[in-house]
Participant: 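Next up is a structure, given as structure tokens.
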Amino acid sequence: MLFETVGFLWGDGSTENVRSIRFTNSESSSLNHCINFFESIGIKRGIWKAQVIWTGSSEPSEEIKENCKQFWSNSLKLPIENIKSVSWNKGKKNRLEFGSVRIFIDNAVLFEIFVNGILKWIKDTIKDEKEIDDKILISLARGILSSEGCMTFHKNVIRSVNISFDPHSNEESLFRKIFHRLGISTLPRHKNNNEFSIEGWDNFLKIFLMEGFKLSQTNRIKFSNGFLSHKSTI
């Protein structure tokens, strides 16, 4: 759980110019995984606070804001007063009825341990191509897939797994190294896009066997169904 959470923090966490532990996502199962891990090391659930980010063409009404707060309070098992705000991200469509959410703990000590300690060690170790246990790499990949991974399908069959990355950092290189060391090949960067793809049944089989989307209930189901419908699986 430690390295799954660190992988998720790497992908969806805020690690620059902050002194807190933060995760932002729209999948409650992934966020609950992170909260559960910290709870297992003594960080009580009630310490977490949350901010909802709601996207739509017009500002959300008070009713929508209250519905968002109630949804995330129930989904994350947090007191309603811990949902501190609902902010508006102006966009053409509202694809997520209750928006996405940022959960956070303002604690400089935790930040130092997890961001400047464990995550920095991981990045340096992978960058320098030093030995690292495959179990750690698999756990990191699970976190990265659940935070930065998305999929494309053709007639409900998995076609590609796409990994997003920060173009202003060395994330692309480090993410690729993780997958390559697990025997998973990657394709060139998408044109005018900050992501690269993983394709091919052999690669999908490896992701399936390592439970690549373990942290995200929605994506786990989508990937499993798409893989099991593949002609090479059948």
Side-chain angles (χ1 to χ4, degrees), residues 1 4-111 114-115 142-151 153 162 164 166 194-195 213-225:
M1 287 183 74
E4 289 169 351
T5 302
V6 169
F8 193 79
L9 175 66
W10 189 355
D12 263 355
S14 301
T15 59
E16 301 291 337
N17 302 316
V18 296
R19 302 296 291 171
S20 60
I21 296 291
R22 302 183 183 186
F23 300 91
T24 305
N25 206 271
S26 59
E27 177 64 63
S28 60
S29 61
S30 300
L31 295 170
N32 272 312
H33 181 280
C34 298
I35 294 174
N36 291 340
F37 164 71
F38 280 96
E39 200 168 28
S40 74
I41 61 171
I43 308 300
K44 294 182 179 178
R45 198 175 200 92
I47 292 176
W48 290 91
K49 297 180 176 60
Q51 298 168 323
V52 180
I53 303 99
W54 189 89
T55 300
S57 58
S58 58
E59 189 170 358
S61 65
E62 290 303 315
E63 181 181 4
I64 289 176
K65 290 181 179 180
E66 288 305 312
N67 288 341
C68 288
K69 286 184 178 181
Q70 193 62 59
F71 172 82
W72 287 109
S73 173
N74 293 339
S75 297
L76 301 176
K77 300 179 180 64
L78 295 177
I80 191 76
E81 59 268 22
N82 286 28
I83 315 297
K84 296 300 181 180
S85 64
V86 178
S87 61
W88 174 38
N89 180 31
K90 190 173 183 180
K92 293 181 180 180
K93 293 182 179 180
N94 174 28
R95 295 178 179 176
L96 300 168
E97 182 179 1
F98 301 107
S100 59
V101 68
R102 176 184 299 115
I103 60 172
F104 60 96
I105 298 176
D106 291 321
N107 188 304
V109 174
L110 285 178
F111 180 87
F114 284 90
V115 177
R142 287 174 181 157
I144 292 166
L145 282 167
S146 292
S147 58
E148 298 291 5
C150 65
M151 292 161 277
F153 299 85
N162 307 314
S164 300
D166 178 1
N194 300 323
E195 63 180 23
F213 288 96
K214 174 185 173 183
L215 276 65
S216 172
Q217 181 178 2
T218 301
N219 283 339
R220 183 174 69 249
I221 293 170
K222 287 168 62 177
F223 176 79
S224 295
N225 289 343

Participant: Between the main-chain N or O of L215 and the side-chain N or O of S30, is there a donor-acceptor pair closer than 3.5 Å?
Facilitator: yes
Participant: Go through the structure and list residues passing side chain to side chain contact (heavy atoms under 4.5 Å, CB included) with N194, not counting sequence neighbours.
Facilitator: F165, P167, R189
Participant: Under the ring-ring contact (aromatic ring centres under 6.0 Å, His included) test, which residues partner F38, sequence neighbours left out?
Facilitator: W48, F114
Participant: For residues 58-90, which residue pairs qualify under ring pair (Phe, Tyr, Trp, His ring centres under 6.0 Å), counting only residues two or more places apart or in two chains?
Facilitator: F71-F98
Participant: I want to check something: taking the side chain as every heavy atom from C-beta on, are L110 and I43 in contact at a cut-off of under 4.5 Å?
Facilitator: yes
Participant: Taking all non-hydrogen atoms of both residues into account, name the closest pair between S75 and S28 and its distance.
Facilitator: CB-CB, 3.9 Å
Participant: Return the set of residues passing side chain to side chain contact (heavy atoms under 4.5 Å, CB included) with S224 (not counting sequence neighbours), or none when no residue passes.
Facilitator: F208, R220
Participant: Report yes if the side chains of F213 and L145 come closer than 4.5 Å at any heavy-atom pair, otherwise no.
Facilitator: yes
Participant: Considering residues at least two apart in sequence or located in another chain, which fulfil the side chain to side chain donor-acceptor pair (under 3.5 Å) criterion with K49?
Facilitator: none
Participant: Would you name the heavy atoms of S146 and S216 that are closest together and state the gap between them?
Facilitator: OG-N, 3.6 Å
Participant: I need the full list of salt bridge (charged side-chain N to carboxylate O under 4.0 Å, His left out) pairs touching residues 76-89, with sequence neighbours left out, sorted by first then second residue.
Facilitator: none
Participant: With sequence neighbours excluded, what pairs up with E148 under the side chain to side chain donor-acceptor pair (under 3.5 Å) test?
Facilitator: none
Participant: Any donor-acceptor pair under 3.5 Å linking the side chain of S87 with the backbone of V52?
Facilitator: yes
Participant: Taking side-chain hydrogen bond (donor to acceptor under 3.5 Å, both in side chains) as the cut-off, I'd like each qualifying pair that reaches into residues 54-67, sequence neighbours left out, listed once.
Facilitator: T55-N89
Participant: How many angstroms lie between atom CZ of R22 and atom CZ of F111, to the nearest 0.5 angstrom?
Facilitator: 9.5 Å
Participant: Identify, with sequence neighbours excluded, every residue that meets side chain to side chain contact (heavy atoms under 4.5 Å, CB included) alongside K222.
Facilitator: M151, F153, T218, N219
Participant: Which residues satisfy the side chain to side chain donor-acceptor pair (under 3.5 Å) test with N225, sequence neighbours excluded?
Facilitator: none
Participant: Please round to the nearest 0.5 Å and tell me the distance separating atom NZ of K214 and atom CE of M1.
Facilitator: 7.5 Å
Participant: Any non-hydrogen side-chain atom of F23 less than 4.5 Å from a side-chain atom of I35?
Facilitator: no
Participant: Could you tell me whether the side chain of S73 and the main chain of K69 form a donor-acceptor pair under 3.5 Å?
Facilitator: no
Participant: Please identify each residue that fulfils side chain to side chain donor-acceptor pair (under 3.5 Å) with N82, with sequence neighbours left out.
Facilitator: none
Participant: Once salt bridge (charged side-chain N to carboxylate O under 4.0 Å, His left out) is applied, what residue pairs with a partner in residues 26-39 remain, sequence neighbours excluded?
Facilitator: E39-R45
Participant: Quick one: pull up CD in Q51 and CD1 in I103 and give me the separation to the nearest 0.5 Å.
Facilitator: 11.5 Å
Participant: Work out which heavy atom in G11 is nearest to a heavy atom in S147; give both atom names and the distance.
Facilitator: CA-OG, 3.3 Å
Participant: If every non-hydrogen atom of L31 is compared with every non-hydrogen atom of N25, which pair is closest and at what distance?
Facilitator: CD1-O, 3.8 Å
